[in-house]
Amino acid sequence: MIVDSDTGVAVAPPQLVHQGFTNGLAFSADSRLLVSSGWEGGVSLFDGTTAALLGSVLTPNQQIVTADFLADGHTVMIAAYDDGIYRWDTRLEHAIETACRMAGRDLTAAEWRENFGDRPYQKTC
């Protein structure tokens with residue numbers, strides 16, 4: 001459960017985002033984003049106010065990772081125990097541009113929902 005530290009009131013119910021232990025948590029400098037890292041090589045991004053899950057990535061070798069924000073407030077650096085260092089640009093615009101490049105076309109409504117959840121649909125290319 002995620003609790004407001006000032007009021008003690010629950011902000012969000014518990015969420016299972018990592019298989020196994022959560023290895024670390026870090027807020028962006030402005031506290032608008034929160035990143036968690038896990039033993040399975042996963043990194044998840046949350047809204048720092050509502051605790052809504054915004055997205056997750058998994059490192060290639062699925063090794064224990066730790067993650068933290070760079071000073072720009074949107075780039076997450078991920079260090080994995082397989083000696084890999086990864087950079088995640090967490091901006092929605094970047095994810096949409098990447099989806100366009102990978103698909104080579106606009107995503108269908110179903111593909112959009114699968115990748116971007118309940119966010120309103122928009123053309124990707």
Side-chain angles (χ1 to χ4, degrees):
M1 179 176 317
I2 300 179
V3 177
D4 182 306
S5 61
D6 291 331
T7 66
V9 175
V11 175
Q15 298 181 56
L16 179 62
V17 294
H18 297 293
Q19 302 299 315
F21 297 102
T22 298
N23 194 44
L25 295 170
F27 276 97
S28 59
D30 62 6
S31 297
R32 291 187 314 147
L33 298 172
L34 171 69
V35 67
S36 67
S37 53
W39 284 65
E40 83 294 357
V43 178
S44 294
L45 182 72
F46 300 89
D47 181 291
T49 303
T50 67
L53 179 64
L54 302 175
S56 297
V57 296
L58 191 61
T59 56
N61 295 327
Q62 300 179 6
Q63 299 288 322
I64 301 168
V65 296
T66 187
D68 204 350
F69 285 93
L70 293 181
D72 65 13
H74 63 78
T75 303
V76 173
M77 291 302 291
I78 303 164
Y81 283 78
D82 66 358
D83 293 331
I85 301 292
Y86 307 95
R87 183 180 171 140
W88 180 17
D89 185 334
T90 63
R91 294 174 296 174
L92 180 60
E93 306 82 47
H94 183 262
I96 292 171
E97 290 169 10
T98 301
C100 173
R101 281 195 313 273
M102 291 177 73
R105 58 173 170 73
D106 285 325
L107 297 181
T108 65
E111 290 169 331
W112 177 270
R113 272 191 310 281
E114 182 180 338
N115 291 282
F116 296 101
D118 293 332
R119 289 187 183 94
Y121 177 82
Q122 58 184 319
K123 292 186 177 210
T124 49
C125 295

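Everything numeric here is computed off the predicted structure, so don't read it as measured data.
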Membership question, hydrophobic clusters at under 4.5 Å side-chain separation (ILVMFWY): are [Y] and [X] in the same one?
{"X": "Y86", "Y": "W88", "answer": "yes"}
{"X": "V76", "Y": "V57", "answer": "yes"}
{"X": "F116", "Y": "L53", "answer": "no"}
{"X": "V43", "Y": "I64", "answer": "no"}
{"X": "V17", "Y": "L25", "answer": "yes"}

CG-OG1 distance between D82 and T59, expressed to the nearest 0.5 angstrom: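 The OG1 atom of T59 is 6.5 Å from CG of D82, to the nearest 0.5 Å.
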Euclidean distance, M102 CE relative to E111 CD, rounded to 0.5 Å: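 Rounded to the nearest 0.5 Å, the CD-CE separation comes out at 11.0 Å.
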CZ (R105) with more than 12 external heavy atoms under 6.0 Å: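 Atom CZ in R105 is crowded, with more than 12 foreign heavy atoms closer than 6.0 Å.
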Exceeds 12 heavy-atom contacts within 6.0 angstrom, atom CZ of F21: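 Check fails, neighbour count at 12 or below.
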Electrostatic pair E97-R91, nearest N-O below 4.0 angstrom: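 Salt bridge between E97 and R91, a charged N being under 4.0 Å from a carboxylate O: no.
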Shortest non-hydrogen contact between [X] and [Y], atoms and distance:
{"X": "A67", "Y": "A26", "value": "O-CB, 4.0 Å"}
{"X": "G104", "Y": "C125", "value": "C-SG, 4.5 Å"}
{"X": "G73", "Y": "S28", "value": "O-CB, 3.8 Å"}
{"X": "V65", "Y": "Y81", "value": "N-CD1, 4.2 Å"}

Stepwise side-chain contact (heavy atoms from CB on, under 4.5 Å) check, L107 with K123: CA-CA 7 Å; L107 297 181; K123 292 186 177 210; over 6 Å; no
Partner residues of D83 under the side chain to side chain contact (heavy atoms under 4.5 Å, CB included) criterion, sequence neighbours left out: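 With sequence neighbours excluded, D83 shows a side chain to side chain contact (heavy atoms under 4.5 Å, CB included) to no residue whatsoever.
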Candidates L34, L33, D30 - the one meeting side-chain contact (heavy atoms from CB on, under 4.5 Å) with F69: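 Of the listed options, the one satisfying the test is L33.
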Option among I96, L92, T98, T90 that satisfies the side-chain contact (heavy atoms from CB on, under 4.5 Å) test with H94: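 Running side-chain contact (heavy atoms from CB on, under 4.5 Å) over I96, L92, T98, T90 with H94 returns exactly one hit, T98.
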Donor-acceptor pair between S36 and H18 side chains, under 3.5 angstrom: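 Side-chain D/A pair, S36 to H18: present.
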Tell me whether [X] contacts the main-chain N or O of [Y] through its side chain, where contact means a donor paired with an acceptor under 3.5 Å.
{"X": "D106", "Y": "T124", "result": "yes"}
{"X": "T7", "Y": "V9", "result": "yes"}
{"X": "D89", "Y": "T75", "result": "no"}
{"X": "T66", "Y": "A79", "result": "no"}
{"X": "N61", "Y": "Q63", "result": "no"}

Steps toward side-chain contact (heavy atoms from CB on, under 4.5 Å) verdict (R32, F27): CA-CA 7 Å; R32 291 187 314 147; F27 276 97; over 6 Å; no
Counterpart residues, side chain to side chain donor-acceptor pair (under 3.5 Å), relative to R119 (two or more places apart):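 Applying side chain to side chain donor-acceptor pair (under 3.5 Å) to R119 gives none.
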Any side-chain heavy-atom pair of I78 and I85 under 4.5 Å: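 Side-chain contact under 4.5 Å: no.
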